[in-house]
Amino acid sequence: MPELPEVETVRTTLQTRLLGRVIERATIKRRDMLVVPGDPPGGFSRSARGAAPRFRRVRAADLLGGDRVDGVLRHGKQLAIVGASGRVLCVHLGMSGALLWRAPGKRLERADHVHAHWRLDDGSRLVFRDPRRFGGLWSFPGMDNLRLARWDALGPDALAVTSAQLGRALARSRRPVKAALLDQRAIAGVGNIYADEALFGSDIDPRRPAESLTRTETTRLARAIRGVLARAVRARGSTLRDYRDADGDPGAFQLAHSVYGRAGLPCHACGSPLASALVGQRTSVWCNACQA
DNA sequence: CACCACCCCTGGACGC
DNA sequence: TGCGTCCAGGGGTGGT
């Protein structure tokens with residue numbers, strides 16, 4: 001379940017491995033995991049019934065073949081591998097996706113569910129693996145196109161969200177504040193784990209209508225979001241089951257979770273058993289005594 | 001527009 | 001052991 005801290009850890013590990021490397025060969029194995037310019041609008045539609053969509057043929061350049069890696073960017077939970085040509089490949093890991101880098105000659109632990117792979121000029125390899133296929137790849141001729149098509153629709157990056165930005169994201173919305181935090185158009189990068197952790201850290205009940213938060217509470221919540229995400233980045237993310245960074249290493253922040261996955265267990269702050277219920281269609285855990 | 005139910009997909013946990 | 005069932009989750013879509 002890669003959220004912002006996990007994706008940021010993948011970004012930094014990828015950056016050290018890929019920066020300046022030339023991609024000698026790029027291979028797509030599952031065409032419906034990639035969207036290239038010229039594909040049907042919106043790309044592959046998983047719920048599409050009837051006639052199969054007609055995909056444009058994939059060229060090596062669509063997957064950065066022949067390009068030199070100039071940098072790896074992130075907004076919210078999405079990555080962009082930027083080529084020296086200007087072309088970018090946007091990567092979304094979904095919930096089980098991984099971008100794994102392998103040193104020359106080293107084999108992948110598991111080679112099933114590999115949807116794309118790349119060979120670099122130092123003999124190393126990059127692999128996109130995603131068993132549940134909730135992730136995907138999007139190719140764009142330039143960063144401007146990526147922004148226009150995808151990133152402009154996202155809210156401000158949660159790692160640096162200000163209280164003013166969060167206030168705007170929560171204003172005039174009666175849905176539960178937890179649901180608003182999960183909405184990537186409102187704020188980008190927060191998922192189920194860090195939403196629960198940030199709400200606990202700011203003593204706010206996840207069921208509260210977003211618009212009911214006072215200015216003080218919004219400030220407290222913004223600080224809690226930045227704080228928990230920064231600490232999670234320092235711990236290299238949370239590994240519950242699948243998540244690994246580009247080097248294949250797990251994170252350690254799951255050891256520091258206050259509420260996520262602890263339903264019924266005593267609150268670390270007051271000792272009363274943590275409550276759990278569906279909020280915004282997601283399992284949520286919170287402390288009824290601490291969070292108002 | 002805001003909100004919500006539902007769907008996509010696989011593997012792990014659990015019950016029998 | 002092996003089978004069935006349920007659940008996890010980010011995000012897109014289509015209905016209200």
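Model, not experiment: these values are computed from the prediction. Protein chains get the first letters and strands the later ones, always in sequence-line order, with residue 1 at the start of each.
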| field | Phosphate OP1/OP2 of dG10(C) contacted by His92(A) side-chain N/O (<4.0 Å) | value | no
| request: Taking the side chain as every heavy atom from C-beta outward, state whether Ile23(A) and Arg119(A) have any atom pair closer than 4.5 Å. | output: no
| field | Nearest-angstrom distance from the residue atom CG of Asp183(A) to P of dG9(C) | value | 17 Å
| Rounded to the nearest Å, what distance is computed from the CD atom of residue Gln78(A) to the P atom of nucleotide dG12(C)? | 8 Å
| With both distances under 3.5 angstrom, what nucleotide forms a Watson-Crick or G-U wobble pair with dC6(B)? | dG12(C)
| Hey, does Thr283(A) reach any base, or is it just sugar-phosphate, or nothing, if we go heavy atoms under 4.0 Å? | sugar-phosphate
| CG-CG distance between Leu181(A) and Leu166(A), expressed to the nearest 0.5 angstrom | 6.5 Å
| request: Go through dG9(C), dC3(B), dG11(C) for me and flag the one nearest to the Asn192(A) side chain. | output: dG9(C)
| query | Quick one: is Arg175(A) getting a side-chain N or O under 4.0 Å of the dC3(B) phosphate, OP1 or OP2? | reply | yes
| Starting at the 5' end of DNA chain B and moving along, which residue's nearest nucleotide shows up first, Pro131(A) or Pro176(A)? | Pro176(A)
| query | Reckon Arg172(A) touches a base, only the sugar-phosphate, or nothing at all at heavy-atom distances under 4.0 Å? | reply | nothing
| query | Does any non-hydrogen side-chain atom of Leu108(A) lie less than 4.5 Å from one of Val114(A)? | reply | yes
| request: Would you kindly compare Met95(A) and Gly280(A) by the position of their nearest DNA chain B nucleotide and give the one closer to the 5′ end? | output: Gly280(A)
| Nearest-Å distance, CD (Gln281(A)) to P (dG10(C))? | 13 Å
| request: Could you tell me whether the phosphate oxygens of dG11(B), OP1 or OP2, come under 4.0 Å of any side-chain nitrogen or oxygen in His113(A)? | output: yes
| message | Regarding dG11(C), can its base be found pairing with the side chain of Arg185(A) as donor and acceptor, where the two atoms are less than 3.5 Å apart? | response | no
| request: Could you verify whether a donor N or O on one side chain and an acceptor N or O on the other, from Ser202(A) and Arg223(A), lie under 3.5 Å apart? | output: no
| Does one side chain, of Ser96(A) or Tyr243(A), offer a donor that lies under 3.5 Å from an acceptor on the other? | no
| query | salt bridge (Lys or Arg N to Asp or Glu O under 4.0 Å) with Asp39(A): which of Arg57(A), Arg31(A), Arg56(A)? | reply | Arg31(A)
| task | Would you tell me if any nitrogen or oxygen in the side chain of Ser173(A) comes within less than 4.0 Å of OP1 or OP2 on dC3(B)? | result | yes
| message | Output the rounded distance in Å from NE2 (His115(A)) to C1' (dC9(B)). | response | 10 Å
| task | Could you check how far CZ of Arg174(A) sits from P of dC1(B), rounded to whole Å? | result | 16 Å
| query | Are the ring of Phe134(A) and the six-membered base ring of dG11(C) within the stacking cut-offs of under 5.5 Å and under 30°? | reply | no
| said: Distance check needed: dT10(B) P versus Met33(A) CE, whole Å only. | reply: 10 Å
| Does any N or O donor sit under 3.5 Å from an N or O acceptor when you compare the side chain of Arg132(A) with the base of dA8(C)? | yes
| task | Return the value, rounded to whole Å, for the distance between atom CZ of Arg110(A) and atom C1' of dT10(B). | result | 10 Å
| query | To the nearest angstrom, how far is Arg150(A) atom CZ from dG10(C) atom C1'? | reply | 11 Å
| message | Mind checking if Tyr260(A) touches a base, just sugar-phosphate, or nothing, with heavy atoms under 4.0 Å? | response | sugar-phosphate
